[in-house]
Each structure stands twice: as structure tokens, then as C-alpha cells.
Amino acid sequence: VAVPIILWGLWHSRVDVAPPASTAFFGASSLWVLVPELVRFAEAKLAGLPAPELAVAARSATEFGDSLLMLGLERLVLGALPAGKEVFIHPTVVAGWFGLLVTMLNLMPIGQLDGGHVTHAVFGARARWVGLGVSAAMALLCVFATVGWLLWLIVTAAVVGFRHPPVVAPDEPLSPSRKVVSLLCLVAFIICVMPVPITPGSP
């Protein structure tokens, strides 16, 4: 459903001059950047000085991250963008983009998420270690990319968990068709991954 919505929105989007982009390695909303800024903010408040502007508040607009699928759809509809140009998306694209975001979150190979069910079907009890590895990757993204991953890290670790409930026939091998479905789920997850889903801007 998300793909045709995005395609329709891209056909109604415009290409214009891109605003200046940050070249910093660490994301503006990462813990690596935000924690020192919050410390400086608190120090200024305690000293009665004007509060410094935070990096997140300095951004003029909210930015939605790109996945491989999103980049491919943009290339399909709009072609290769000239240097210094950017796509200013139609609101419909945002609706479809959230569909890709939910798909990515649900296909993470953790616990009882759909991705966790698939991983358990393929790897059995060893799937727990895959989930732990993905959670470690989310923790790194919190530190270096965006603190937004912290919420999903807490939800998956504390609510969803890493263990999978017992299945009816654990020793029954997967049929060839189910192996194909597992592979397609993996591909869908990879092309929907967004390292920095949303970079908030000032209202």
C-alpha cells in the first residue's frame, strides 16, 4: 500500500535548490551531540546566562530519512537529481514513508515482532542472539546517529523481549516456499532500513 502512495506523491513533488547540508559525522540529534549541549544548557541556566540554542532547535524543518527503497522510488519517478538539488516532497509521500517506517520496525528480527517470528523459524533458539545484535546496533545508532532509536530500543528490550514462545513443531524443516518467504522478508527489511528516520526541526 505504501509504495503506490509514495509514487503518486513523488509525481506531485518538486525539485528545487537544496538547503546547506551538515557535514558532521555525528547526527545532530545523537546522544553524542545532545548530552554535551544539554550540559551547557543547564550550566547557562544555573549561572543565569542566556540559554544556548540546541542543534535540534536550530534546524529549520523536519527531515525524513531515506531508505534504499525510498531512494529507488525517487530515482524511478524523478531521475538522477542535479548537483545542489533536492526533492521537496508532497505530503502524500510522508504518509507512505510512515508505512515504510512501520514495516522496518515490524521486520526487525527481535522477539515476537514479525521479523522475530521469521528469524525464529529459520534459526530456532539461536534467533535470540540475532535480536540482541540488532539491539546493540540500535544502541550505537542512539549514540552516534539519533536519540530517536532509544524509544524503540526500550520497547523491544523491555516490552517485546528477545525470547520467542514455543512452536508446535520445532523440528519440522521449512519448506522451500517458506524459505523464499523468509528471504523476501529479509530483503524487505534491508530496503526499508533508515539509519536516521526523522531529524526534528524547529516548529
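Remember, predicted model here, so these are calculated numbers, not experimental data.
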Reported CG-to-CE distance for the pair Asp66 and Met194, which is rounded to 0.5 angstrom:
8.5 Å
Only pairs under 3.5 Å count here: list side-chain donor-acceptor contacts from residues 74-83, not counting sequence neighbours, and write none if there are none.
none

Same cluster or not: are Leu71 and Val3 linked, directly or through other Ile, Leu, Val, Met, Phe, Trp or Tyr residues, by side-chain heavy atoms under 4.5 angstrom apart?
no
Identify the heavy atoms of Ser135 and Leu153 that sit nearest to each other, and give their distance.
O-CD1, 3.6 Å
By side-chain contact (heavy atoms from CB on, under 4.5 Å), which residues pair with Trp8, not counting sequence neighbours?
His12, His90, Thr92
Within the 4.5 Å heavy-atom criterion, are Val15 and Phe88 side-chain neighbours or not?
no
Output the rest of the hydrophobic cluster of Val118: all Ile, Leu, Val, Met, Phe, Trp and Tyr residues reachable through side-chain heavy-atom contacts under 4.5 Å, sorted by chain and number.
none
Any side-chain heavy atom of Pro197 within less than 4.5 Å of one from Trp149?
yes
How does the hydrophobic cluster around Val1 look, that is, which other residues are in it when side-chain heavy atoms under 4.5 Å mark a link?
Ile5
Members other than Val168 in its cluster, when Ile, Leu, Val, Met, Phe, Trp, Tyr link by side-chain heavy atoms under 4.5 Å?
none
Here the pair of heavy atoms bringing Leu100 nearest to Met70 is CD1-SD, 4.2 Å
Report yes if some heavy atom in the side chain of Val193 is under 4.5 Å from a heavy atom in the side chain of Ser67; otherwise report no.
no
Show the atom names and distances, to 0.1 Å, of all donor-acceptor pairs under 3.5 Å that link a side chain in residues 176-186 to residues at least two apart or in another chain.
residue, atom, partner, partner atom, Å
Ser177, OG, Ser175, OG, 3.1
Ser182, OG, Arg178, O, 2.9

For Ile198 against Thr146, the heavy-atom pair lying closest together
O-OG1, 4.1 Å
Quick one: ring pair (Phe, Tyr, Trp, His ring centres under 6.0 Å) partners of Phe64, sequence neighbours excluded?
Trp97
Give me each pair satisfying side-chain hydrogen bond (donor to acceptor under 3.5 Å, both in side chains) with a member in residues 117-134, each pair once, sequence neighbours excluded.
His117-His164
Transitively linked via ILVMFWY side-chain contacts under 4.5 Å: Leu7 with Leu68?
yes
Do the side chains of Glu86 and Val17 get nearer than 4.5 Å, heavy atoms only?
no
Which pairs count as side-chain hydrogen bond (donor to acceptor under 3.5 Å, both in side chains) when at least one residue sits in residues 100-115, sequence neighbours excluded?
Asn106-Asp114
Heavy-atom pair with the smallest gap, counting every atom of Gly99 and Ala2:
CA-CB, 4.2 Å
Is there a path of hydrophobic side-chain contacts, each under 4.5 Å between heavy atoms of I/L/V/M/F/W/Y residues, joining Val102 to Val94?
no
ILVMFWY cluster, Ile190 and Ile110 together (side-chain gap under 4.5 Å)
yes
Minimum heavy-atom separation for Leu10 to Val87, with atom names?
CD2-CG1, 4.5 Å
Tell me the closest heavy-atom pair linking Pro195 and Leu141, and the distance in Å.
O-CD2, 4.1 Å
Group every Ile, Leu, Val, Met, Phe, Trp and Tyr by side-chain heavy-atom contacts under 4.5 Å, then state whether Leu174 and Val167 land in the same group.
no
How long is the gap from CD1 on Ile191 to CG on Leu69, to the nearest 0.5 Å?
4.5 Å
